[in-house]
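In what follows, a structure is listed as structure tokens, so that the remarks can point back to it.
Note on naming: letters A, B, ... go to the chains in the order of the sequence lines (proteins, then strands), and numbering restarts at 1 for each one.
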Protein chains: 2
Amino acid sequence: MAIGRRPGSYECGVDAAMDVIGGKWKVLILWALHVRPHRFGELRRELPGVTEKVLAAQLRELEADGIVHREEFDEVPPRVEYSLTPRGETLNTALEPLGEWGKRNVLAPSPAAGEVREDHDVALIPGRP
Amino acid sequence: MAIGRRPGSYECGVDAAMDVIGGKWKVLILWALHVRPHRFGELRRELPGVTEKVLAAQLRELEADGIVHREEFDEVPPRVEYSLTPRGETLNTALEPLGEWGKRNVLAPSPAAGEVREDHDVALIPGRP
DNA sequence: CTGCACGCTTCCCTCAAGGTAACCACCCAC
DNA sequence: GTGGGTGGTTACCTTGAGGGAAGCGTGCAG
């Protein structure tokens, strides 16, 4: 049982899933790897602010949880490629509604929900969940 | 703009939503209030291990984010009821696929995904996401 | 008069996630 | 030989979320 770091202590499925994606950078890693496989350095450059130590740690956790696949190439300079496993892809799919909700309710709160619309558009990369 | 405690710093909708539901007890609160409105003490008794201080803090954050509604009744002994706002209900709906994923991939990992099935059934409250 | 239930608030403390910076082995280009 | 790029590891430090326990104001029960 590789997945889950608090085995047996979950109250429900959402609770359990939160343990897998709870890291500060994990959903961003998920999204980046969904677009295409990435090398370690590519990920570091695409996640502004992440440190090498933390990126390595979160990738190892995601790998242990069966979410990402790590492939080492015997070349020089050494190359390592990270990609999503099938389970990782299903996780991304399951996160899509939450991404939609976040876009509608946090990034661009609608007046109908009692929020005041900002006078500028929220800067969103198109297609990003 | 009540929602979001890191305004302007989100990379995507999932990231933003994670800020709203990131608290240790928030998804459990969400689920409890989805079933029916709760009083403070009821919630405390239904979430084994939560302290009054933390429960009050997370409820106040969820209220500031427009997820839960707090209604104070002028009775004695004092009564306060918490319920989900419409926005809270949509959040719960958006969390359902994630709950399904967690149940299938963390609580009861399938052999097809490379995990070994436990020899006992996972104790799950039926219908709980 | 004492205790209890309610819904908190306040103070103090712990601990783990995350951040900082240095270092490693390897090889190539300059 | 020096610097850069590869993909990390190691040791140390900071910070903030969360936990423990006590107190508070009210009113009723015993």
Side-chain angles (χ1 to χ4, degrees), chain A residues 4-7 9-11 15 17-30 32-33 37-65 67-83, chain B residues 4-7 9-11 15 17-30 32-33 37-65 67-83:
Chain A
R5 278 166 297 295
R6 272 163 45 200
S9 73
Y10 302 117
E11 289 293 317
D15 195 17
M18 290 294 295
D19 196 24
V20 174
I21 58 171
K24 183 167 175 183
W25 304 93
K26 288 190 181 173
V27 300
L28 300 178
I29 293 172
L30 265 284
L33 297 188
H38 279 66
R39 305 180 53 171
F40 185 86
E42 286 177 330
L43 277 174
R44 181 164 42 106
R45 270 172 259 122
E46 277 195 29
L47 308 183
V50 73
T51 66
E52 297 175 344
K53 174 205 160 189
V54 173
L55 180 56
Q58 308 233 335
L59 282 170
R60 265 182 273 118
E61 285 186 11
L62 288 172
E63 193 193 356
D65 285 344
I67 308 297
V68 313
H69 171 69
R70 180 182 190 275
E71 192 158 9
E72 210 164 329
F73 295 88
D74 235 354
E75 309 173 352
V76 57
R79 186 161 69 99
V80 178
E81 245 188 34
Y82 294 92
S83 55
Chain B
R5 278 166 298 298
R6 273 162 44 201
S9 73
Y10 302 117
E11 290 293 318
D15 195 18
M18 291 294 295
D19 196 24
V20 173
I21 57 170
K24 183 169 176 183
W25 304 92
K26 288 191 182 173
V27 300
L28 300 178
I29 294 172
L30 265 284
L33 297 188
H38 278 67
R39 305 180 53 172
F40 185 87
E42 285 177 331
L43 277 173
R44 181 163 43 108
R45 270 172 258 123
E46 277 195 29
L47 308 182
V50 74
T51 65
E52 297 176 343
K53 175 207 161 188
V54 173
L55 179 56
Q58 308 233 336
L59 282 171
R60 264 182 275 117
E61 285 186 9
L62 288 171
E63 192 193 357
D65 285 344
I67 308 298
V68 313
H69 170 70
R70 178 183 190 275
E71 192 159 8
E72 208 164 332
F73 296 88
D74 235 355
E75 308 173 354
V76 55
R79 186 161 67 99
V80 178
E81 246 189 31
Y82 294 92
S83 54

(request) Using the test salt bridge (charged side-chain N to carboxylate O under 4.0 Å, His left out), find all partners of B:Arg44 that sit at least two apart in sequence or belong to another chain. (result) B:Glu52

(request) Return the set of residues passing salt bridge (charged side-chain N to carboxylate O under 4.0 Å, His left out) with A:Glu71 (not counting sequence neighbours), or none when no residue passes. (result) none

(request) With heavy atoms under 4.0 Å as the rule, sort A:Arg45 into base, sugar-phosphate or nothing. (result) sugar-phosphate

(request) May I have the distance from B:Phe40 (atom CZ) to C:dT9 (atom P), rounded to whole angstrom? (result) 8 Å

(message) What contact category does B:Arg44 fall into here, base, sugar-phosphate, or nothing, at under 4.0 angstrom with non-hydrogen atoms?
(response) nothing

(request) Would you please name every residue forming a salt bridge (charged side-chain N to carboxylate O under 4.0 Å, His left out) with B:Arg39, sequence neighbours left out? (result) none

(request) Describe the nucleic acid contact of B:Arg70 in one word from base, sugar-phosphate, nothing, applying a heavy-atom distance below 4.0 Å. (result) sugar-phosphate

(request) Return yes if some donor-acceptor pair links the side-chain N/O of A:Asp19 with the main-chain N/O of A:Arg5 below 3.5 Å, else return no. (result) yes

(message) Expressed as a whole number of angstroms, how long is the span from A:Leu43:CG to D:dG7:P?
(response) 10 Å

(request) Using a 4.0 Å heavy-atom cut-off, write out nucleotides 15-24 of chain D from 5' to 3' as B (base contacted by protein), S (sugar-phosphate only) or - (no contact). (result) ---BBB-B--

(request) Measure from the side chain of A:Arg39, starting at C-beta and using heavy atoms only, and say which of D:dT6, D:dG8, C:dG7 lies closest. (result) D:dT6

(request) Mind calculating the distance between CG (A:Asp19) and P (C:dA16) to the nearest angstrom? (result) 14 Å

(request) Would you indicate, yes or no, if C:dC6 has its OP1 or OP2 atom less than 4.0 angstrom from a side-chain nitrogen or oxygen of B:Arg79? (result) no

(request) Could you list the residues that satisfy side-chain contact (heavy atoms from CB on, under 4.5 Å) with B:Pro37, not counting sequence neighbours? (result) B:Glu81, B:Ser83

Taking only nitrogen or oxygen atoms into account, show me every contact under 3.5 Å that the protein makes with nucleotides 24-27 of chain C, one pair per line with its distance.
none

(request) Please state how far atom CD in A:Glu42 lies from atom P in D:dG7, giving the value in whole angstrom units. (result) 8 Å

(request) Select base, sugar-phosphate, or nothing to describe what B:Tyr82 touches, counting heavy atoms under 4.0 Å on all strands. (result) sugar-phosphate

(request) Using atom CD of A:Glu75 as one end and atom C1' of D:dG5 as the other, report the distance to the nearest whole Å. (result) 14 Å

